[in-house]
Every structure is written in C-alpha cells, then in structure tokens.
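All ligand and atom numbering here is 1-based and tracks the order in the structure. Note that the numbering runs from 1 along the sequence shown for the chain. Atom set for the values below is all heavy atoms of this structure, side chains included, hydrogens, waters and symmetry mates excluded.
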Amino acid sequence: MVTQLPLDGVPLVKSGPTGVTIRPVRDADVEALRQIERSAAQAFRLIEAFSWLAVGEVQSAEVHHALLAAGTNWVAVDDGDHPLGFLSAEISGRDLHICEISVDHLHQGFGIGRKLIAYAIDSATRQGLEAVTLTTFRTIPWNCPFYERLGFRMLEEEALSPRLRDLLDLEDAHGLRRDTRCAMRLDITTP
Ligand SMILES: CC(C)(COP(=O)(O)OP(=O)(O)OC[C@H]1O[C@@H](n2cnc3c(N)ncnc32)[C@H](O)[C@@H]1OP(=O)(O)O)[C@@H](O)C(=O)NCCC(=O)NCCS
C-alpha cells in the first residue's frame, strides 16, 4: 500500500491488486503479455536518456509460445485471473536465464516483480540448476540496483561466461549500448 500526498486533507491511498498469484503462461495469455510489456516500458519515460525504450519492440508471440511450452514462462495474475506481469526465462546449461520481466505500469511498485523473481529462483532451485542469470541496465533504479537487493551480483567483464558475453554483444548490436548494460548472476545455494 502506498500513501500519496493528501488532497483537500484526505490522504490518497493507492492499493495494490489483491490475491496476486503466479501460474504458468497459457497460449491464450500471450497477447495480453505483449500489451503488458508495452505498458511496463512506460516507466522508462521517467529517465530522458532511456525514454526511447518506451516505444521499443516487445518479445514476440513466437518466443512466448516457445518458452511456455518449455515451462519457463510465468504470469502474475490478480484474484480474477487477469494478467498483471510476467517473467519469461529459458534454461541454458545449468542456468535459468531471465529473458524478460515486465509488470503493467499501473501495477508497478507493489511487489509483483519481486514475487515473479522469487518464483523463478524457486523453480530453478527445484530443477537442481546452479544459477539464475539476466542482463539489464546498470543505472536504472528498478533494474540492476533492484536485482542486487534480491541477491544478484553484477558480473565483471572477466567473469562473463561466453553465453553472457555474446548476449551483451548481441544487445549492443541491437542498440542497447554495452557500457549501459551488465550481466548479473544469482548462485543457487542448496542446503
Ligand atoms: C522491473 C519491474 C518488472 C519490477 O516490477 P515491480 O512489480 O514494480 O517490482 P517490485 O514492486 O517488486 O519492486 C520494484 C523495485 O524497484 C524500485 N523502483 C521502482 N521504481 C523506482 C523509481 N522510479 N526509483 C527508484 N526505485 C524504483 C522499487 O523501490 C522496488 O525496489 P524494492 O522492492 O527493493 O523497494 C517493473 O518495474 C517493470 O516492468 N519495469 C519496466 C520494464 C523493465 O525494466 N523490465 C526489466 C528489464 S531487465
């Protein structure tokens, strides 16, 4: 719950959605998820240097379908089963790699992103994987600093696996400048 500035002496209280749960993505969800990614990207308008991302390409329907078939595409829904956010990942070697995470702009800041990442980490743990990885922007507050608070660490150049180095290079070739990006890793520790 977020309390905003009082208006006419009456505090405005913005409540998050109720009964948020995570479930596997279904084929019928895919177009809603592509719409959520477009909505989520509106957050980048807050930072002038990155505002161009607000109108960027979103993950294709084909990739969504492939990842849901692989069992690594998850959606956060409200108590009416309406999609609010999603996390798409793929298994690469011994890692679960997060390809995309987006939460509808109006529902950001209520812990849904944190919940989706916890779910992905839990899934990777149950599958006996070694790590969860991702690439992201270094300085955007809801990117690298957010993931660091969740236990991910930024990988220095020399610590990059060939897969993550190639991915950063590929992103650079698509306009996501290498010096603004980083790869991150969370090691799974099993008791
Ligand atoms: C990243 C994203 C999925 C997080 O989802 P969410 O539901 O908002 O996540 P949460 O509410 O669990 O947490 C958001 C965190 O970002 C922080 N944050 C969000 N907006 C912020 C801002 N403008 N300034 C500073 N911090 C901000 C919050 O403080 C919170 O951190 P905390 O939980 O440690 O306090 C969502 O912000 C999003 O869709 N962003 C646009 C797309 C994007 O950046 N995707 C990730 C690409 S790697």
Candidate with minimal heavy-atom separation from atom 17 (C) of ligand 1, of His107, Lys115, Glu100, Arg149: Arg149
salt_bridge(Arg185, Asp95) N-O dist < 4.0 Å: yes
Ligand 1-proximal atoms of Phe86, by part, heavy-atom distance under 4.0 Å: neither
Heavy atom of the protein closest to atom 11 (O) of ligand 1 (residue, atom name, distance): Gly111 N, 2.7 Å
Region of Phe146 that comes within reach of ligand 1 [heavy atoms, distance under 4.0 Å]: side chain
Ring pair (Phe, Tyr, Trp, His ring centres under 6.0 Å) contacts touching residues 58-87 (sequence neighbours left out): His64-Phe86, Trp74-Tyr119
Ligand 1-proximal atoms of Arg114, by part, heavy-atom distance under 4.0 Å: both
Protein heavy atom at shortest distance from atom 41 (C) of ligand 1: Ala40 O, 3.4 Å
With Arg45 via side-chain hydrogen bond (donor to acceptor under 3.5 Å, both in side chains) - residues at least two apart: Gln42
Under 3.5 Å: N/O of Pro141 near N/O of ligand 1: no
Test of proximity, Asn143 against ligand 1: N or O pairs below 3.5 Å: yes
Salt bridge Arg26-Asp81, side-chain N to carboxylate O under 4.0 Å: yes
Top protein contact for atom 16 (O) of ligand 1, by heavy-atom distance: Trp142 CB, 3.6 Å
Residue and atom name of the nearest protein heavy atom (relative to atom 8 (O) of ligand 1), distance in Å to one decimal: Gly109 N, 2.8 Å
N/O donor-acceptor pair under 3.5 Å between His107 side chain and Val103 backbone: no
Ligand 1-proximal atoms of Phe44, by part, heavy-atom distance under 4.0 Å: side chain
Protein contact of atom 38 (C) of ligand 1 - nearest heavy atom, named by residue and atom, plus distance: Gln108 NE2, 3.5 Å
Separation of Glu171 CD from Arg177 CZ (nearest 0.5 Å): 13.5 Å
Between Gln127 and Ser123: side-chain donor-acceptor atoms closer than 3.5 Å: yes
Polar contact flag, side-chain donor to acceptor under 3.5 angstrom, His105-Ser39: no
Aromatic plane relationship, Tyr147 with Phe152 - under 30° parallel, 30 to 60° tilted, over 60° perpendicular: perpendicular
Ligand 1 N/O within reach of Gly113 N/O, cut-off under 3.5 Å: yes
Note: Arg34-Asp29 ion pair, threshold 4.0 Å (strictly below): no
Salt bridge flag under 4.0 Å for residues Arg178 and Asp169: yes
Heavy atom of the protein closest to atom 39 (O) of ligand 1 (residue, atom name, distance): Val103 N, 2.9 Å
Numbering as shown, the atoms of ligand 1 that approach Thr136 to under 4.0 Å (heavy-atom distance): 48 (S)
Nitrogen or oxygen atoms of Ala43 and ligand 1 under 3.5 Å apart: no
Ile112: numbered ligand 1 atoms lying under 4.0 Å from its heavy atoms: 7 (O), 12 (O)
Under-4.0 Å salt bridge between Glu148 and Arg153: no
Approximate separation, where rounding is to 0.5 Å, of Leu134 CG and Ile101 CD1: 9.0 Å
Short N or O distance, Phe110 and ligand 1, threshold 3.5 Å exclusive: yes
Any protein heavy atom < 4.0 Å from atom 2 (C) of ligand 1: no
Geometric N/O contact Ile101 with ligand 1, under 3.5 angstrom: yes
Ser102 neighbourhood, listing ligand 1 atoms whose heavy-atom distance to it stays under 4.0 Å: 39 (O)
